[in-house]
4 protein chains.
Amino acid sequence: MNDGSFTVKGFLEVKKDKPKYKQIIDAAVVVIAENGYHQSQVSKIAKQAGVADGTIYLYFKNKESILISLFEEKMGHFTEKIREEIKGNKTSIEKLLKLIETHFLLLSEDYNLAIVTQLELRQTNLDLRLKINEVLKEYLHIIDSILIEGVQSGEFDPILNIRIARKMIFGTIDEVLTHWVMSGHKQSLVDKARDVHHLLIRGCGYRQEDSRLLEQ
Amino acid sequence: MNDGSFTVKGFLEVKKDKPKYKQIIDAAVVVIAENGYHQSQVSKIAKQAGVADGTIYLYFKNKESILISLFEEKMGHFTEKIREEIKGNKTSIEKLLKLIETHFLLLSEDYNLAIVTQLELRQTNLDLRLKINEVLKEYLHIIDSILIEGVQSGEFDPILNIRIARKMIFGTIDEVLTHWVMSGHKQSLVDKARDVHHLLIRGCGYRQEDSRLLEQ
Amino acid sequence: MNDGSFTVKGFLEVKKDKPKYKQIIDAAVVVIAENGYHQSQVSKIAKQAGVADGTIYLYFKNKESILISLFEEKMGHFTEKIREEIKGNKTSIEKLLKLIETHFLLLSEDYNLAIVTQLELRQTNLDLRLKINEVLKEYLHIIDSILIEGVQSGEFDPILNIRIARKMIFGTIDEVLTHWVMSGHKQSLVDKARDVHHLLIRGCGYRQEDSRLLEQ
Amino acid sequence: MNDGSFTVKGFLEVKKDKPKYKQIIDAAVVVIAENGYHQSQVSKIAKQAGVADGTIYLYFKNKESILISLFEEKMGHFTEKIREEIKGNKTSIEKLLKLIETHFLLLSEDYNLAIVTQLELRQTNLDLRLKINEVLKEYLHIIDSILIEGVQSGEFDPILNIRIARKMIFGTIDEVLTHWVMSGHKQSLVDKARDVHHLLIRGCGYRQEDSRLLEQ
DNA sequence: AATGAATGAGCCTTCATTCAT
DNA sequence: AATGAATGAAGGCTCATTCAT
């Protein structure tokens, strides 16, 4: 449940800042990407992290919590980065493009992480996946707020079904990513961002000829 | 011994049609849906199927092949049913709606199967998932042919990126399904079909006001 | 215990003469030689024999009894053949040479059988090996009678320890055979017979210069 | 993890010298002697050794490697002991006697080990037996060097076929031992050594009346 | 006599986790 | 804080044998 990190209010946050906590998470990404989830024993992760097996359990409650923390840590960085990137953009159209591009870019830059999040982490049991979904909510909230803003600004269909639209956006991005990872990341992912964006905003009711916000 | 073997005995007799083969697959669906993939031991499946453990291995090479056959069998039925259903429809718009509705309907009618395909089968190792993807190709081909037809008929964007559109359609349907299964299938899935369809065809460039094919 | 053969006194012996009984034993030799004892399942032997699995059990009580019968049948032929061959020889020296030569010749002519008796049949459990030893006694009796005769005729040491000498003769022949089989029967086995014989009779106290019985 | 690994900790520390490694091997000898090879499950060996099942696999790669190590360890001790014992003897005749006596004595003192090496270890598959043969080579080399020395010193036949003689010596010793074990070690094994030796050296061409080296 | 589909007992090995040091 | 040796539960698969046809 808890990833093993302790925060002392009013005092200094202790574990997450320590190198070893991140060491282990980064080791997990490498080991899982290289060996696959089912071949990523705790001892392998410990070895890669340069610590003893037992040390893992000083920082994480159990193996599952390494994965949850991994996802929290990386996805947290994701949402943070995406929030930053879309901040400067005026329209929802632009924000959505930035979201897709940033998502694609971040995974392009870390193919190991892409393997882990798109393929390996899905081989885990339902409990873990439910917790991962918790973490994903933050990301879905960003999509939702872009959609709501877009509806209010008139960029999108005024009667857009936000929940379905959110699933379309997330599902499409996810499907594109998974395909890209599975086919061995031969093609440029970032290059696909505009095409994906194009279809998605049109699906949300945006009409290119009506408003030229995106035009360059 | 192996699934997929054919015996001619007076008439064409496919082993797959023999009761025990299907018995085991149906048992697997029930057991996996109820216990989760990692808690679905071969002995449990055998018990549910009403056969001895060893009997499983007369019909399947190993545990993994039960799952592949399960997917082939069920997905085969899916694509077959979908092909049938879309046959009678004239426009691509209508065909896509029929595809979504049929997909939703079939999983609505068999919630256990929905759990298995949307959640449990994804917890398997990469090898199995690659084989499952092989099976999925058939489904993706149907989507592709609808899209190509729609582009040719002028219903969809003449410069539609088919590969991305296919991923949008599949990714969206998949995301909607997974969410529906994970949230405990409280809401009607089939009711969502029109909304999903609406967003997807718009994403593909369809303009409601231009052509009224779908109108009732 | 019983090999499954039935003899009706005064009437015709039934099973052993029937082709299927021998068919199965011969199939066992081939299958065991080709696959090794632990990979020689009953079903494989049945297939090689051209009968159904269940048919095996009409002729043999269980798998073990196939092996015992195999050994009895083949070893019986051995001792019979050896008895025949040594009958015509006058001296014990000559008889022992004939025994060795015949043993070597028979296994040279049937390498599969050599593999089975020298290597594979020894991988069986102790019970079976005790029964095989029973069968071997006949062979050891022949050695004994040659030795006793040789002592009486003055060819061998008058105070020869027969039991030890028997073990020397059998142990040496066995060791030469096993080495020949394990090293892939590249060299001629029969060519070694005279050298083996030479050492063994000398060990038994025979003195070439004293009597010239063997000279040509 | 693996047997045969070396760790330097202040001094030369061989893993094989660690108590647990030997504990397990000794437990294996007891369990196999008492239950037979095919009834000697890893769990039984672990229980006898007083360790957990999994601990076995910290010291041995798999079950088979317990047996190989067992043989290496015990046979290594054998050859070492035999080399020591024959060192002090002048003639080949004496050395061979010492070899036989030592071999017989060592197995007389450890009947469990005798059961394992003479009966149970032979029930293993061919692969394992080939590895065991590797270990046996050391023993055969000792025999060879005694023979060569004996030929050079004139004790043995100057044109002695060393390879056959070696097989005679080893085959005879082995046959005597196996018979002794199978018949329940009722008789004294060491008492047989002189008789066995007597036959073997005579087989190698030694003539008692010519040289009186062995006489007391 | 012959078949062959069905049975079900039995075991090696892995690996997350603990705890004495 | 750190170590890493030790633990022990848990399951997929094989194959000799049976028996209804």
Side-chain angles (χ1 to χ4, degrees), chain A residues 14-15 18 20-21 38-47 49-66, chain B residues 1 7 15 18-21 23-24 38-47 49-66, chain C residues 14-15 18 20-21 38-47 49-66, chain D residues 1 7 15 18-21 23-24 38-47 49-66:
Chain A
V14 258
K15 287 245 181 69
K18 278 199 175 173
K20 221 153 265 187
Y21 177 85
H38 289 293
Q39 278 308 304
S40 296
Q41 296 82 355
V42 171
S43 60
K44 241 181 218 165
I45 295 172
K47 198 173 184 182
V51 299
D53 294 18
T55 306
I56 298 270
Y57 291 85
L58 298 175
Y59 294 88
F60 299 92
K61 203 180 114 216
N62 52 30
K63 189 183 180 184
E64 193 178 68
S65 92
I66 305 176
Chain B
M1 200 119 316
T7 322
K15 204 163 202 173
K18 278 193 179 171
K20 220 151 271 184
Y21 178 85
Q23 245 176 61
I24 293 166
H38 290 293
Q39 277 308 303
S40 296
Q41 296 83 350
V42 171
S43 60
K44 246 181 213 164
I45 295 172
K47 200 172 185 179
V51 299
D53 292 19
T55 306
I56 299 271
Y57 293 87
L58 296 175
Y59 295 89
F60 301 92
K61 208 178 106 219
N62 51 30
K63 190 185 179 184
E64 192 180 67
S65 93
I66 306 176
Chain C
V14 260
K15 287 245 182 66
K18 280 201 176 172
K20 222 153 266 186
Y21 177 86
H38 289 293
Q39 278 307 302
S40 297
Q41 296 83 355
V42 171
S43 61
K44 242 180 214 163
I45 296 172
K47 197 173 184 181
V51 300
D53 295 16
T55 306
I56 300 269
Y57 292 86
L58 297 176
Y59 294 88
F60 300 91
K61 204 179 112 216
N62 51 30
K63 188 184 181 182
E64 192 177 70
S65 92
I66 305 176
Chain D
M1 203 122 312
T7 322
K15 202 163 205 171
K18 277 194 181 174
K20 219 150 272 186
Y21 178 84
Q23 246 176 59
I24 293 167
H38 289 293
Q39 277 308 305
S40 296
Q41 296 83 351
V42 171
S43 60
K44 246 181 212 164
I45 296 173
K47 199 172 184 179
V51 299
D53 293 18
T55 306
I56 300 271
Y57 292 87
L58 296 176
Y59 294 89
F60 301 93
K61 208 178 106 218
N62 51 31
K63 190 185 179 183
E64 191 179 70
S65 94
I66 305 176

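Below, all heavy atoms of this structure are taken into account, side chains as well, without hydrogens, waters or symmetry copies.
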| Rounded to the nearest Å, what distance is computed from the CD1 atom of residue C:Ile56 to the C1' atom of nucleotide E:dG4? | 13 Å

| said: Just to be sure I understand: a Watson-Crick pair is purine N1 to pyrimidine N3 plus N6-O4 or O6-N4, both under 3.5 Å. Using that and G-U wobbles, which stems of three or more pairs involve DNA chain E? | reply: E:2-21 with F:2-21

| task | Scan nucleotides 12-21 of chain F nucleotide by nucleotide, 5' to 3', and note B when protein non-hydrogen atoms come under 4.0 Å of the base, S if they reach only the sugar-phosphate, - if neither. | result | SBBSSBB---

Can you check whether [X] has a side-chain N or O nearer than 4.0 Å to OP1 or OP2 of [N]?
X	N	result
C:Tyr59	E:dA2	yes
D:Lys44	E:dC11	no
C:Lys47	E:dG4	no

| remark: d(B:Gln23 CD, B:Ile56 CD1) to nearest 0.5 Å is 9.5 Å

| Can you tell me how far NE2 of A:His38 sits from OG of A:Ser40, rounded to the nearest 0.5 angstrom? | 9.5 Å

| query | So, for C:Asp53 and C:Ala46, which heavy atoms are closest and what is the spacing to 0.1 Å? | reply | OD1-CB, 3.6 Å

| Shortest non-hydrogen separation from B:Ile24 to B:Phe60 and the atoms involved | CG2-CE1, 3.5 Å

| Are any side-chain N or O atoms of D:Thr55 and backbone N or O atoms of D:Val51, one a donor and one an acceptor, separated by less than 3.5 Å? | no

| request: List in chain and number order the residues that pass side-chain contact (heavy atoms from CB on, under 4.5 Å) with C:Lys44, two or more places apart in sequence or in another chain; answer none if no residue qualifies. | output: C:Val31, C:Asn35, C:Gln39, C:Gln41

| request: Taking the side chain as every heavy atom from C-beta outward, state whether D:Val42 and D:Tyr57 have any atom pair closer than 4.5 Å. | output: yes

